[in-house]
Amino acid sequence: MFFLIILNIAGLILCQNYRATIKLTATGLKFQPSNPIEQLGSISGIKSVLHCSAYCNKNVQCRTFGFDLLTLSCNLYEGYITTGSVVVSSPLSESSIVGGLVYESALFLNYNQTCSTAINRYLVCVGARLVCPVNTFWNGSICVNQFYGNTLCQLDIQCRGNLTLICSINSSTCVCNSTRYYWNGTLCALCTYLVCTTQLYLVENQDPTPWTSFSYSYSTFNTPVTLMLSFRNDIDYWYLDDVGVNKIGNTTNLIVNGGFETGDITGWDYTDPDGASYNGVATSADYYTGAYSYTGGESYAADFISQTFNVTIGAVYNVSYWLKVTGTDGGYSIANITIKP
Ligand SMILES: *[C@@H]1O[C@H](CO)[C@@H](O)[C@H](O)[C@H]1NC(C)=O
Ligand SMILES: *[C@@H]1O[C@H](CO)[C@@H](O)[C@H](O)[C@H]1NC(C)=O
Ligand SMILES: *[C@@H]1O[C@H](CO)[C@@H](O)[C@H](O)[C@H]1NC(C)=O
Ligand SMILES: *[C@@H]1O[C@H](CO)[C@@H](O)[C@H](O)[C@H]1NC(C)=O
Ligand SMILES: *[C@@H]1O[C@H](CO)[C@@H](O)[C@H](O)[C@H]1NC(C)=O
Ligand SMILES: *[C@@H]1O[C@H](CO)[C@@H](O)[C@H](O)[C@H]1NC(C)=O
Ligand SMILES: *[C@@H]1O[C@H](CO)[C@@H](O)[C@H](O)[C@H]1NC(C)=O
Ligand SMILES: *[C@@H]1O[C@H](CO)[C@@H](O)[C@H](O)[C@H]1NC(C)=O
Ligand SMILES: *[C@@H]1O[C@H](CO)[C@@H](O)[C@H](O)[C@H]1NC(C)=O
Ligand SMILES: *[C@@H]1O[C@H](CO)[C@@H](O)[C@H](O)[C@H]1NC(C)=O
């Protein structure tokens, strides 16, 4: 007897919470999700748009569907209709139509209630509580689709974890879980030297050249970023001065001790992987401004100085420095300057 009553109540709640309004578009249109991963499946042999909408309603992950009366195919998508685009179907099919479930806070009143007190088609039971379905997060009033790369965020849960996106504390945007990966617009792809490293300068056996200014515009998909400068000059010397990185329109230099005016390489990371001689040092023998510069005259192998700093993803930075070389005198020389997240 008691059981029946509970079922009855559950039944009532069930009815109340199956009420998402479905908005249908005009015919001749199809849904283009913002990411191909959102397509949950394609069902064939569906007789009507009503049947297709019922399939969507039955799937807790489905928020948008596309139906084609000619091919009788029904496509289900995770994205809300507003997160993707509704486009003219091509080849033009007058028989295709898109339906979007309209999600409003009234459908989510059971959020965070214990599973035993309510049943709700828009929520799932995890750890005895009703929470948002996979690939969505609670925004305070409804469950919304997790964000893709380069979107502003505060918490990891807001980023599409099943594409290995996390919320970077450094940039407050969704980024790939490591700087070995980058968001290519669709997924986190493995960085290649070509894609993720920008070669600012690479020259071998340069003739003597007086102080010369170099500057580059740089923008990236992840933070922090490392500026790496590497020199070798078997007989002569390279000189480097006034290294700067600043956001366009903001004069703050993100490089510490870019002019080597401390008289040493404070602020820089130094490595000499091949253990060659004549290591790079700060010097007063030559400089562009101030009283010091950095000189790289490592013999038979290159050494490296670098700095790592935070940038705003997508913002444009001016990377600049001054360089001088006294020649090669028949030896080998190389300057190799790169920047990468
Ligand atoms: C869910 O409910 C529990 C217990 O009432 C509460 O501690 C927790 O803060 C709630 N979480 C959210 C996201 O509302
Ligand atoms: C949650 O998302 C919906 C749909 O994007 C929006 O209308 C609503 O304002 C959001 N709620 C909060 C508290 O951010
Ligand atoms: C991510 O979610 C989508 C949609 O639910 C699913 O098709 C896909 O297999 C998931 N990927 C992983 C790696 O879990
Ligand atoms: C934030 O920056 C630090 C170094 O500055 C880095 O170690 C860390 O991985 C970054 N975190 C994220 C989530 O990007
Ligand atoms: C980071 O992402 C890569 C693929 O993008 C995945 O192989 C790896 O397991 C992820 N690591 C963590 C800690 O999530
Ligand atoms: C991202 O990489 C995947 C796998 O290599 C590829 O299929 C897709 O076209 C790429 N997306 C973009 C926008 O380049
Ligand atoms: C300039 O950049 C620095 C370092 O990122 C930052 O602290 C400062 O607020 C910025 N100034 C302006 C006016 O944006
Ligand atoms: C980048 O920013 C994060 C968070 O603000 C901080 O923890 C980290 O130390 C910074 N990294 C560098 C290299 O400044
Ligand atoms: C970049 O910095 C260099 C050196 O300070 C300067 O000459 C150049 O005009 C700057 N470029 C931009 C676009 O701000
Ligand atoms: C230039 O330096 C990068 C490290 O920043 C290194 O990976 C690359 O091999 C160097 N190129 C040459 C030609 O030495």
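Order of appearance sets the numbers: ligands from 1, and atoms from 1 within every ligand.
Residue pairs meeting the side-chain hydrogen bond (donor to acceptor under 3.5 Å, both in side chains) criterion with at least one partner in residues 287-300, sequence neighbours excluded, are Asp242-Thr289. Sequence neighbours left out, the pairs with a member in residues 72-88 that pass salt bridge (charged side-chain N to carboxylate O under 4.0 Å, His left out) are Glu78-Arg160.
For Thr226, the side chain to side chain contact (heavy atoms under 4.5 Å, CB included) partners two or more places apart in sequence, or in a different chain, are Ser306, Thr308.
To the nearest 0.5 angstrom, Tyr80 atom OH is 11.5 Å from Glu38 atom CD.
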Distances for all N or O pairs of ligand 10 and the protein under 3.5 Å?
{"residue": "ligand 10", "atom": "2 (O)", "partner": "Asn336", "partner atom": "OD1", "Å": "3.4"}
{"residue": "ligand 10", "atom": "2 (O)", "partner": "Asn336", "partner atom": "ND2", "Å": "2.4"}
{"residue": "ligand 10", "atom": "5 (O)", "partner": "Thr338", "partner atom": "OG1", "Å": "2.7"}
{"residue": "ligand 10", "atom": "11 (N)", "partner": "Asn336", "partner atom": "ND2", "Å": "2.8"}
{"residue": "ligand 10", "atom": "14 (O)", "partner": "Asn336", "partner atom": "ND2", "Å": "3.4"}

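Defined by atom type and a distance below 3.5 Å, a donor-acceptor pair is present between the side-chain atoms of Thr312 and Lys247.
Annotation: Trp138 is in aromatic contact with Tyr111 [ring centroid separation under 6.0 Å].
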